[in-house]
Every structure is written in structure tokens, then in C-alpha cells.
Amino acid sequence: MDVRRRPSATSGEEALLKLGEPLKVKASDADLPLPLYLTNGIFFALFFSVAYFLLHRWRDKIRTCSPLHVLTLSEIAALVSLVASIIYLLGFFGIDFVQSFIFRTSHNDACEIDVQEDATSCTSAIDCSIESKPPPPVSPPIPQEEDEEEQIIQSVVSGSIPSYSLESKLGDCKKAAMIRREAMQRMTGRSLQGLPLHGFDYDSILGQCCEMPVGYVQIPVGIAGPLLLDGKEYWVPMATTEGCLVASTNRGCKAIYASGGASSVLFKDGMTRAPVVRFASAKRAADLKLFLEDPENFDALDLAFIRSSRFARLQGVKCGIAGKNLYIRFSCSTGDAMGMNMVSKGVQNVLDFLHHDYPDMDVIGVSGNFCSDKKPAAVNWIEGRGKSVVCEAVIKDEVLKKVLMTTVPALVELNMLKNLTGSAIAAALGGFNAHASNIVSAVYIATGQDPAQNVESSHCITMMEAVNDSKDLHISVTMPSIEVGTVGGGTHLASQSACLNLLGVKGASKECPGSNSRLLATIVAGSVLAGELSLMSALAAGQLVKSHMKYNRSSKDISEMASQQLSLR
């Protein structure tokens, strides 16, 4: 391809020629006798002036009804000048753009053809030869986020990265749960589809509630109420998967409300912890027992106990001895917290204090099961643990008949034979009730309590007797070991915190420390009272099986569903 260089080429154009770039020829590069800006100005002025002249002339002809095709000499000259100015302006502005586009395309095609035919056949003015350069070194691709996650998953599967360390290594609790979940599916070969992952704040449980999470379980929450207790109304949240439970408790709340409400008494509040220590002889164990149970030494023990907490207050110490082993049961108030950790710290302080006078004391464990935590135990039934509450109500005869569909004699007889005599025959330990643990568990899960403490918290004896000339029913529940708190544990999680807020017991009470947890314990007892009343009435009226078949069973035709599934296979 031959493109000649103009003598007036600029230094930039010379640089392009040296680099082998072809010089682009523009329509505006044509040599004109006048400066370019002056020529452009003349043609612009000519275009607008003759256009105005012709439009003015044609308007006069239209007014006077003169023929438009009859032209004077001045009009002919104006038309010629208009066409000439249009041609110039199109050539200057339009052809330059079209030419530059066509020239660039044709130049690329020509250079490609020339290079393929002969690399040295370009003209001396413009060298179109293309120097072959080695390709630039390709840097290795940066690992994408998916690749990094895949590497971590494989490391967890192989065991090179412990699953429990993902949160600390990644700094992202949700990402750690996602990776752990995928690694678990690969290691077991089983899918976790259906277990929700998204929509949960995994940062809120780090180091507090649950380790190595892979998702969360959805439990529906129902509301029973209003429960009229001590002159106030409470809407009780219950988290459960058992049908009829919320409905039954709600019916009991309705009967209590219609009869004027229930009342409660909290007569004890103290969490316990019982370490076990060992001596070389039973005499030394007995010496420490006498020292701890001596009222004169209580103040010294209390000072050591409360050293690590503002809210813990030592209430008493009782000991049990077995040979040379001593079990020391400390009881203390814990404010609005359930208090297990608080009591454990206080107990450790006392043990450190005792080591000065009893250096031969060997601490076997900070918990020796004389507490007793999360196990059915007579000591909790007799001595109490946590909050001890009695809740009672008088249910009117007309309410029993209209709402509960039963009578006073039927309920009194059923309670004696079932809850008292039947439980005695079964040698029940704190189980003299119909289903207290049902309500306790549902309220505990909804409000962030420790579900395992349902074991001792459900200790309950339900009493019924006829009053007011045998017309009305007096019902009461006595629960000596309700273990609840409104701070700590799972109470800070969003869902559980919302349920506590619904009850008006969220967080710690600033005016009276411990009042929120005590109120929660009475609400639990009141809910149990409603649940006991409703279930016992259903049993007395023969409605239990019927109601469960109606509300706790699917109404779909199982045989029809099975046949449909077989037809789809």
C-alpha cells in the first residue's frame, strides 16, 4: 500500500511514520488559498444569507400568488450559492468522518494482505512490516473466592483444618457454617437439604450458645393467653411441635380468666452447686462439715463467695458425707441470671479460701451431683433449686361446665387417682402431675432457657379439691425448682429476646435486681396451672383422643396419597 508523505507533516506524524503507522489523509487537509477558518466562515455566512433570502422571496410570492418556478437572476444566483455552500459543508464535515472510517478499515485489510504476501514489500514512505514480538508472560490466575472455599472444604474433609477452628481462621461465622456444612455432607455422603442455613445471626452464638453450627432448626411458636395472673395479663409464648398443646393451654387460660384469675407465691430463690472433696480420713471430712455448717463461719464464707460477682449472695451451705468424701451444697441468689456460672465461680472462691486451713483437702470436682443439675433428684424436690413457686386458682362451676365440659367431682376424683395415687404406684420423683414438663419445655425453648433443666424444673404436684360447698374447684401447682433467667445463655438471641419482651421480663431489672427472673418463674407456674386444668378436664370428659385426632393429625387421605406416589414412580 502506497501513501505519500506530505511535506507539511508535523513532528507527531513523523513519529508515526517512524513507528510504521500509516498517515491518515483527511478531507480537511486539502491545500486552500485562504486560511481554513476564514473559508469556513465565508461558506457558513453564504449558506445562512442565501437561505434567508430565498425563504423571504418565496413567502412574498405566496402572498401575491406569483408562480414559484418563475425565477429572477438574483434568485438563480442565490440557489447556486446555496447548493455550493451545502456541497462545501458536507465535504468538510461529512466526508471527513466517512473517509476516516473507510480509510481505517481498508488500511487494516491492506496491511494484513501485505504482511501475508511479503513482509518487506511495503513502500519506503510507510513501512507496514510488523515486527514479531514474543507474547507477554501470562501471570498465574488469582484464586477466586469459590476456589478458596473449595480448598478449605477439602482441607476440612481431609482433617488438615479442624472444623472447630473455622470461625477463628475465616473471621466470618456464617461462611464458617457454610463450609462446615458442605464438608459434613461430603464426609457423610448424606444431604442436609431442608436444614435452614441463611437468615440466622451466627455471630450471636459464637462462644456462648452453640459450637460448630451447620444451620438452625425451626420450631413454631404459639401464643397462649391472656393468662390473668396476680391481677395482670400475660401472653405466653410456647415453642413446640406438639399439636393441641398451645390450644389446650390457651383453653386453661380462658377458664382461669373467666373465674377471676390465678395468684402465685414465690417462697424461695436460690441456685445451688455442690463440689465433692476428699480427705485422707473420714474424721477430716467431718471436721470440714462441722466448720461449714457452723453459723459463726457463714460471714467469712460469704465474703469469699461474693468476691467475683455483684449479684451473687450466699444463702446457705449443707453438706453430705460418704466415708472420707464430703459433698458441699452451696445455695445463693443470682439476680436475673439463671446463675450456674455465677455459683460455680463463687464456689471456686470458697474452695480456694478453705485450702489455707485445710491444705490436705483434695478437690475432686466442682460438681458432685449433690446440686443436682439436669437430673431428677429428691434433694431438689425437698430443698428446692432455682425458684420455688406455688400457683393457685378457684374455677367456678359454670366455667367448668361451659368452657371445660366437666364437673368438680370428676376432676377431683381423676386427680386423686391419676396424679397422686398413680404417680405413687409408679414411684414418681416429683412427677405428681399430668404434663407439667410439656408447658415448661415449650416456654423454656421460646424464652432461651436451658431445655435440659426441664428435668428438675418440671417437678410439680397438682392438687384439686372442691370448695364453696363443693360448687367450685380449687386447683394448685407447687413447683419447687424452676430454674430460669432473663439474662445470659440463649436469652440474648433475637427470637428468644423477643419472647421475653412480650412477657415484659427482657433483660435485667435495674430497679430491683432479680425481679424479672422471679416474675418469669411465676408465669411458668401459671402456664403449667392452665395446662394441667385443661388436660385433666379433657381426660375427665373423655375428649383427649378425640381432640388429638381432630387437631394433631393430618386430614389428608393417606391411602390416596400413597397411591398417587406409586403412580408417579
Side-chain angles (χ1 to χ4, degrees), residues 173-174 177 195-196 199-225 227 229 234-242 245-246 249 266 269 271 309 311 333-344 373-374 385-387 389 436-458 479 481-510 513-528 531:
C173 294
K174 183 177 180 180
L195 180 68
F200 186 82
D201 183 10
Y202 292 95
D203 292 330
S204 64
I205 65 174
L206 181 63
Q208 298 187 69
C209 296
C210 180
E211 298 75 36
M212 297 185 287
V214 295
Y216 60 96
V217 174
Q218 296 170 311
I219 301 179
V221 177
I223 302 294
L227 171 65
L229 178 65
Y234 300 97
W235 298 91
V236 184
M238 301 175 66
T240 181
T241 57
E242 178 183 352
L245 179 60
V246 178
T249 308
L266 189 146
D269 181 7
M271 182 52 63
S309 175
F311 301 103
S333 59
T334 57
D336 283 307
M338 184 270 290
M340 286 299 301
N341 293 333
M342 193 183 299
V343 179
S344 298
D373 185 42
K374 301 173 184 176
R385 189 170 193 257
K387 277 74 173 172
V389 182
S437 62
N438 243 343
I439 290 87
V440 172
S441 297
V443 177
Y444 271 27
I445 295 173
T447 57
Q449 311 303 313
D450 189 341
Q453 290 184 326
N454 164 71
V455 175
E456 63 268 33
S457 297
S458 297
M479 306 179 69
S481 51
I482 301 177
E483 299 164 351
V484 292
T486 57
V487 295
T491 61
H492 75 283
L493 299 178
S495 302
Q496 289 80 348
S497 180
C499 291
L500 289 171
N501 187 57
L502 177 65
L503 292 171
V505 295
K506 177 182 176 181
S509 173
K510 297 180 180 180
S515 60
N516 281 351
S517 62
R518 289 192 289 270
L519 177 56
L520 179 58
T522 60
I523 293 174
V524 170
S527 303
V528 170

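Numbers here are sequence positions counted from 1.
- Contact between Met238 and Ala224 at its shortest, heavy atoms only, is SD-CB, 4.0 Å.
- Asp203 and Cys173 get closest at one heavy-atom pair: OD1-SG, 2.9 Å.
- Between Leu520 and Leu500, the closest side-chain pair of non-hydrogen atoms falls below 4.5 Å.
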Checklist entry - Going through the checks in order, is the side-chain contact (heavy atoms from CB on, under 4.5 Å) test met by Thr486 and Thr491? => result CA-CA 6 Å; Thr486 57; Thr491 61; 5.6 Å; no
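- With rounding to the nearest 0.5 Å, the separation of CG in Asn516 from NZ in Lys506 is 11.5 Å.
- Glu456 and Lys374 make their closest contact through OE2-N, 2.9 Å (heavy atoms, listed as atom of the first residue, atom of the second, distance).
- Ala508 and Val487 make their closest contact through N-CG1, 3.4 Å (heavy atoms, listed as atom of the first residue, atom of the second, distance).
- Proximity of Ile219 to Ile445: side-chain heavy atoms (C-beta onward) are separated by under 4.5 Å at one or more points.
- At least one side-chain heavy atom of Asp373 sits less than 4.5 Å from a side-chain heavy atom of Arg385.
- In this structure, CD1 in Ile439 is found 8.0 Å from OG in Ser527, a value given to the nearest 0.5 Å.
- Under a 3.5 Å cut-off, the side chain of Ser309 and the backbone N or O of Met342 do not form any donor-acceptor pair.
- Considering CG of Leu227 and OG1 of Thr249, their distance stands at 10.0 Å, rounded to 0.5 Å.
- You'll find the side chain of Ile482 reaches within 4.5 Å of the side chain of Tyr444, heavy atoms only.
- Here the CE-CE distance, from Met340 to Met271, works out to 6.5 Å after rounding to the nearest 0.5 Å.
- Within the model, atoms CG of Asp201 and OG of Ser495 stand 10.5 Å from one another, a figure rounded to the nearest 0.5 Å.
- When the shell of 6.0 Å around CG of Asn341 is examined, it contains 12 or fewer heavy atoms from other residues, nucleotides or ligands.
- Taking the side chain as every heavy atom from C-beta outward, Leu503 and Pro237 approach each other to under 4.5 Å.
- Looking at heavy atoms from C-beta onward, Thr447 lies out of side-chain contact with Gln496 at the 4.5 angstrom threshold.
- The shortest distance between side-chain heavy atoms of Tyr234 and Leu519 falls below 4.5 Å.
- Of the inter-residue distances, the one linking Asp336 atom CG with Ser515 atom OG reads 5.5 Å to the nearest 0.5 angstrom.
- The closest side-chain heavy-atom distance from Ser517 to Val505 is not below 4.5 Å.
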Item to check | Derivation and outcome, side-chain contact (heavy atoms from CB on, under 4.5 Å), residues Gln449 and Val524 | outcome: CA-CA 12 Å; Gln449 311 303 313; Val524 170; over 6 Å; no
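- Nearest heavy atom pair, residue Ser204 against residue His492, reads O-NE2, 2.8 Å.
- At distances below 3.5 Å, not a single donor-acceptor pair connects side-chain atoms of Thr522 with backbone N or O atoms of Val389.
- Taking both residues in full, the closest heavy atoms of Tyr202 and Gly215 are given as OH-CA, 3.4 Å, listed atom of the first, atom of the second, then distance.
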